[in-house]
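The block underneath contains the structure these notes are about, expressed in structure tokens.
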Amino acid sequence: MPTILIIDDEPGIRQTLALILEDEKYKVITAEDALAGIEVLKSNTVDLVFLDVLLPKLGGIEALEKIRKDSQVEIVMISGHANIDMAVRAVKLGAFDFLEKPLSLEKVLTVCRNALAIKKLREENKNLKRISNFSSEDIIGTSASVRNIRETVKQAAASDARILITGENGSGKEVIARAIHLCSARADKPFIDVNCAAIPETLIESELFGHEKGAFTDAFSTRKGRFELAHGGTLFLDEIGDMSLSAQAKVLRVIQEQKIERVGGEKTIETDVRIIAATNQDLEKACKEGRFRQDLFFRLNVIPVHAPSLRDRPEDIPHLLCHFLNVMEKEITLESDALDALYAHNWPGNVRELKNLAERIAVMHQGETINGDELNKLLNKKTKKTANNEQNHGKKQGLQANLPDGIFEQGFNEARDCFEKCYLEFQLLKNNGIISRTAEAIGIYPSNLHAKLRKYSITTNSKDDL
């Protein structure tokens, strides 16, 4: 039902116009001067304004200019003292038409229908342009799953149906929600997002529905909630699976009635909001476990959309990385082993983690190309070179474990004798000091082993019979 605002200081004119338009099933709001009319436009979605020229406080022509700066609403000027110059000036300033008093019933209805038809055509053209301009710049990738999401976005944007987006953290659920909003007829209206997991249960009702001054201890002034702020636009309820059952019940009621009441208030406020919800949880399972209302789930899940994890669309990883680097004005070429490193990574943080990597590359990497080892280093993974160095270092540490300090600074003969002494002590300990067994283990004669033990003054308590 289109809403029409009548701004005229004559009560008779306001009443007559209102009766005529209400008979045609239009919703009518009236205001006695331009300043009051401008306040109405701030808090209501209005499709057409009938604006008198001669008004107290602020003239109609000045009001026309002011309204035109802030709104695209169609405006029909009315006056009992019209002249051609005034009419021409009003049309140049953006008025749809100019009517003279006394008003003709037929003329009023004809102009009204034409103005609303033009407004509808403009909105449809804008919507078609948004959809035709929607491209990979909004949702990046060439995989089949991304192509399906793009098609779903275009189809879903044409309606006001509620949407439930599922997927892992960081998989791009908010990007999909914003794309749907930007492709819809609501694109010029607010996109308000709410992270349900980040708001304490005690504050969620105030955040969503607003509160009146004095409603609770810290309510020092009246505050609009997210539903009011999103009026005419889209409300994105992120992580809705973390919303408490009591808050779920209130959201369900708003969806059913399209009305809210602020906390501590008695006035009912109508809302025109499209709801898009998102979650990383299995809501069907949550419903079975009693953690989520099944009736709310069915209300939200009109159009289901799944955001795939980055692991499920690896072919999109290079495209996404290049896109993020381009945004940061960083030109870099990925070598083949760098691509291998990208594909090999598990990406637990999904697209958000990949974006963080792009920022790290832009800040930390110098050069026009990047290889696998450099990329793994930025991913905080061990490179092949690092792994080999660590392995060699470990071997070196093992060799040095029982050797005296400074052995590697000694001459060859001294170092050899030192190592041989340590080696024999180790082997004796390993074989419980039994000389015959030790000699067999290291592959020398027992007599030779005895000679070496005497040379290095190594004693053993073994009663080995040689």
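Under the 4.5 Å side-chain criterion, counting only non-hydrogen atoms from C-beta, L116 is in contact with D47. Residues D97 and N114 fail the side-chain proximity criterion, which asks for heavy atoms closer than 4.5 Å. The closest side-chain heavy-atom distance from V305 to L164 is not below 4.5 Å. Inter-residue side-chain proximity for I78 and D8 is flagged as met; some heavy-atom pair is nearer than 4.5 Å. At least one side-chain heavy atom of C112 sits less than 4.5 Å from a side-chain heavy atom of L48. With contacts defined as side-chain heavy-atom distances shorter than 4.5 Å, the pair I240/L237 qualifies. Residues I275 and L300 are in side-chain contact: their nearest non-hydrogen atoms beyond the backbone lie under 4.5 Å apart.
Side-chain atoms of W347 come within 3.5 Å of backbone N or O of L342 as a donor-acceptor pair. Not one N or O on the side chain of R162 forms a donor-acceptor pair closer than 3.5 Å with the backbone of R274. The backbone N or O of T369 lies less than 3.5 Å from a partner atom in the side chain of H365, making a donor-acceptor pair. Checked by atom type and distance alone, the side chain of R313 never pairs as donor or acceptor with a backbone atom of V146 at under 3.5 Å. Side-chain N or O atoms of S71 include one that pairs as donor or acceptor with a backbone N or O of V73 at under 3.5 Å. Under the 3.5 Å distance criterion, the side-chain polar atoms of E374 are matched with a main-chain donor or acceptor of N371. A donor-acceptor contact shorter than 3.5 Å is absent between the side chain of R226 and the backbone of I192. Side-chain atoms of D337 do not come within 3.5 Å of backbone N or O of D340 as any donor-acceptor pair. Looking only at distances, a side-chain donor or acceptor of T152 sits under 3.5 Å from a matching main-chain atom of N148. Checked by atom type and distance alone, the side chain of Q248 pairs as donor or acceptor with a backbone atom of M243 at under 3.5 Å.
A salt bridge between R223 and E207 is present, with a side-chain N of the basic residue lying under 4.0 Å from a carboxylate O of the acidic one. Of the charged side-chain nitrogens involved, none lies within less than 4.0 Å of a carboxylate oxygen, so that K107 and E100 do not count as a salt-bridged pair. A salt bridge links R122 to E74: one of the charged nitrogens lies within less than 4.0 Å of a carboxylate oxygen. Using a cut-off of 4.0 Å between Lys/Arg side-chain N and Asp/Glu carboxylate O, E151 and K154 are scored as not salt-bridged. Residues D9 and R14 are not paired through a salt bridge, judged by the lack of any N-O separation under 4.0 Å between the basic side chain and the carboxylate. A salt bridge links E174 with R178; the closest basic N to acidic carboxylate O contact falls under 4.0 Å. Ionic pairing of D282 and R291 is not present here: no N-O contact between side-chain nitrogen and carboxylate oxygen is shorter than 4.0 angstrom.
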For this session: List the steps, then state whether side-chain hydrogen bond (donor to acceptor under 3.5 Å, both in side chains) holds for H231 with E270.
Result: CA-CA 9 Å; H231 183 73; E270 293 188 5; over 6 Å; no

For this session: With side-chain hydrogen bond (donor to acceptor under 3.5 Å, both in side chains) as the test, would you mind laying out the steps for N280 and N169 before giving the verdict?
Result: CA-CA 6 Å; N280 62 357; N169 286 334; 2.9 Å; yes

For this session: Would you please test E24 and L109 for side chain to side chain contact (heavy atoms under 4.5 Å, CB included) and show each step?
Result: CA-CA 9 Å; E24 297 296 316; L109 294 179; 3.5 Å; yes

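If you run salt bridge (charged side-chain N to carboxylate O under 4.0 Å, His left out) between D272 and each of K27, K189, R186, K259, only R186 comes through.
More than 12 non-hydrogen atoms from other residues, nucleotides or ligands lie less than 6.0 angstrom from NZ of K330.
Of the N and O atoms on the side chains of S206 and H211, at least one donor lies less than 3.5 Å from an acceptor on the other residue. A donor-acceptor pair shorter than 3.5 Å cannot be found between the side chains of N326 and E331.
Taken from CG in N346 to CG in L379, the straight-line distance is 11.5 Å, to the nearest 0.5 Å. Atom CG in N350 sits 8.0 Å away from atom NZ in K173 (nearest 0.5 Å). The CD1 atom of I13 lies 5.5 Å from the CG atom of L103; values are rounded to the nearest 0.5 Å. Within the model, atoms CG of L375 and CG of L321 stand 7.5 Å from one another, a figure rounded to the nearest 0.5 Å. Atoms CE and CG, from M364 and L378 in turn, are 7.0 Å apart once rounded to the nearest 0.5 Å.
Taking every heavy atom of both residues into account, I255 and Q258 meet most closely at O-NE2, 3.2 Å.
Ring pair F209/F227: centre-to-centre distance below 6.0 Å.
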